[in-house]
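Read the structure below first, then the notes.
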Amino acid sequence: MASLLELKEIFRNADAVCFDVDSTVIREEGIDELAKFCGVGDAVAEMTRRAMGGTVTFKAALTARLGLIRPSYEQVQKLISDNPPQLTPGIRELVSRLHQRGVQVFLVSGGFQSIVEHVALQLNIPTANVFANRLKFYFNGEYAGFDETQPTAESGGKGKVITHLKEQFHFKKVVMIGDGATDMEACPPADCFIGFGGNVIRKQVKEKAKWYITHFDELLKELEER
């Protein structure tokens with residue numbers, strides 16, 4: 001097992017950094033915001049807590065939550081325009097610094113493509129570097145389910161994305177940063193996991209992550225030291 005010093009070295013020399021989005025890159029949980037917007041906030045927030053704690057499979061939790069919300073295409077678009085996701089302090093500067101160093105940045109999220117792409121745009125991350133779940137709609141805009149073939153739709157999916165990235169781009173060192181159990185389990189194949197508690201602290205992640213931060217400035221400082 002790598003020591004904290006070794007993990008910091010991997011981060012400083014990473015070819016690619018993958019960020020979780022909900023409660024990491026942005027302050028909110030996108031699915032909870034969508035649920036509130038659609039009038040079923042409390043019931044869905046409880047399901048999210050269970051999913052993030054790692055007690056139910058991600059796909060089962062996603063299916064159940066979306067079955068309650070049943071968001072229309074119009075509701076999703078209105079949520080983005082009326083309540084755009086709030087970036088976590090420090091993330092814009094960190095992503096910019098990684099880009100300056102020639103590091104590829106990816107958003108790997110159990111959230112929804114349309115919301116995550118909106119976030120990517122604000123951070124100058126190409127949409128090709130977004131891996132998230134895709135909602136499906138009928139021609140009249142009503143909810144029609146989600147694309148269950150996306151790797152991010154199931155437990156272990158983030159690890160599959162990282163394996164795919166390593167194979168496609170021949171990355172030697174990939175870092176995963178996130179707040180939840182699904183992020184932590186992506187290492188390996190990620191070479192380093194950094195737990196993030198700046199928006200919400202997940203007990204399991206805080207206790208098990210060798211490297212745990214509460215502000216992105218901590219990672220900016222690591223990059224400046226070299």
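Heavy-atom basis, side chains included; hydrogens, waters and symmetry copies ignored. Computed from a predicted model, the values in this text were never measured in an experiment.
- Using a 4.5 Å cut-off on side-chain heavy atoms (C-beta onward), P71 and I69 make contact.
- A salt bridge links R12 with E222: the closest approach of a Lys/Arg side-chain nitrogen to an acidic carboxylate oxygen falls below 4.0 angstrom.
- Taking SG from C187 and CH2 from W211, the interatomic distance works out to 12.0 Å, rounded to the nearest 0.5 Å.
- Closest non-hydrogen pair, D147 versus K136, comes out as N-CG, 4.0 Å.
- In this structure, CG on L94 lies 11.0 Å from CD on E218, to the nearest 0.5 angstrom.
- Remark: F169 CZ is packed, more than 12 non-hydrogen atoms of other residues, nucleotides or ligands lying under 6.0 Å away.
- K208 contributes no side-chain N or O that, together with a main-chain N or O of M184, makes up a donor-acceptor pair within less than 3.5 Å.
- The line from CD of Q150 to CZ of R134 is 5.0 Å long, rounded to the nearest 0.5 Å.
- Side-chain contact between D20 and F196 is absent, with no heavy atoms from C-beta onward closer than 4.5 Å.
- Contact of the L219 side chain with the L98 side chain is not registered, since no non-hydrogen atoms from C-beta on lie closer than 4.5 Å.
- Linking ILVMFWY residues whenever their side-chain heavy atoms come closer than 4.5 Å, directly or via other members, places L62 and L68 in the same cluster.
- Under a cut-off of 6.0 angstrom, the local environment of CD in E74 is sparse, with at most 12 non-hydrogen atoms contributed by other residues, nucleotides or ligands.
- The backbone N or O of Q86 sits less than 3.5 Å from a side-chain atom of E28, completing a donor-acceptor pair.
- Looking only at side-chain heavy atoms (C-beta outward), F131 and V116 stay at 4.5 Å or farther from each other.
- The backbone N or O of T24 sits less than 3.5 Å from a side-chain atom of T88, completing a donor-acceptor pair.
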* To do: Start with the C-alpha distance between I162 and C18, add both sets of side-chain angles, then the distance that settles side chain to side chain contact (heavy atoms under 4.5 Å, CB included), and finish with yes or no.
  => CA-CA 8 Å; I162 290 171; C18 298; 4.1 Å; yes
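- Looking at every heavy atom in both residues, F137 comes nearest to S72 through CE2-C, 3.4 Å.
- Counting heavy atoms from C-beta on, the side chains of E93 and D217 never come closer than 4.5 Å.
- Between E224 and K221, none of the side-chain N atoms (NZ, or NE/NH1/NH2) sits under 4.0 Å from a carboxylate O, so this pair counts as no salt bridge.
- Nearest heavy atom pair, residue L220 against residue R97, reads CD2-CB, 3.8 Å.
- In this structure, E185 contributes its side chain and G156 its backbone to a donor-acceptor pair below 3.5 Å.
- Across all their heavy atoms, F37 and Q75 have their closest contact at CE2-O, 3.5 Å.
- Here the closest heavy-atom approach between residue V103 and residue H99 is recorded as O-CD2, 3.8 Å.
- Ion pairing of R202 with D179 is present here, as a side-chain N (NZ or NE/NH1/NH2) and a carboxylate O approach within less than 4.0 Å.
- Here CD of E33 is found 8.0 Å from CD1 of I26. Values are rounded to the nearest 0.5 Å.
- C192 is not listed as a side-chain neighbour of K210, based on a closest heavy-atom distance of 4.5 Å or more.
- Using a distance-only test at 3.5 Å, with no hydrogens or angles considered, no donor-acceptor pair links the side chain of D183 to the main chain of I177.
- Looking at heavy atoms from C-beta onward, V174 lies out of side-chain contact with P189 at the 4.5 angstrom threshold.
- There is no side-chain donor-acceptor pair under 3.5 Å between N199 and S23.
- In this structure, CG on L135 lies 11.5 Å from CZ on R70, to the nearest 0.5 angstrom.
- Between the S96 side chain and the R92 main chain, no donor and acceptor come within less than 3.5 Å of each other.
- For the pairing with F112, the side chain to side chain contact (heavy atoms under 4.5 Å, CB included) check across L34, T152, I80, V76 returns one residue only, L34.
- Within the 4.5 Å cutoff, side-chain heavy atoms of L123 are placed close to those of L87.
- No more than 12 heavy atoms of other residues, nucleotides or ligands lie within 6.0 Å of OH in Y73, so this atom counts as exposed by the packing criterion.
- A distance of 12.0 Å separates CG in N124 from CG in N129, rounded to the nearest 0.5 Å.
- Under the 3.5 Å distance criterion, the side-chain polar atoms of T214 are left unmatched by any main-chain donor or acceptor of G197.
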* Step by step, would you call I115 with L79 a side chain to side chain contact (heavy atoms under 4.5 Å, CB included)? -> CA-CA 9 Å; I115 296 173; L79 172 69; 4.1 Å; yes
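- Closest approach of Y138 and Y143 over heavy atoms only: CE1-O, 3.4 Å.
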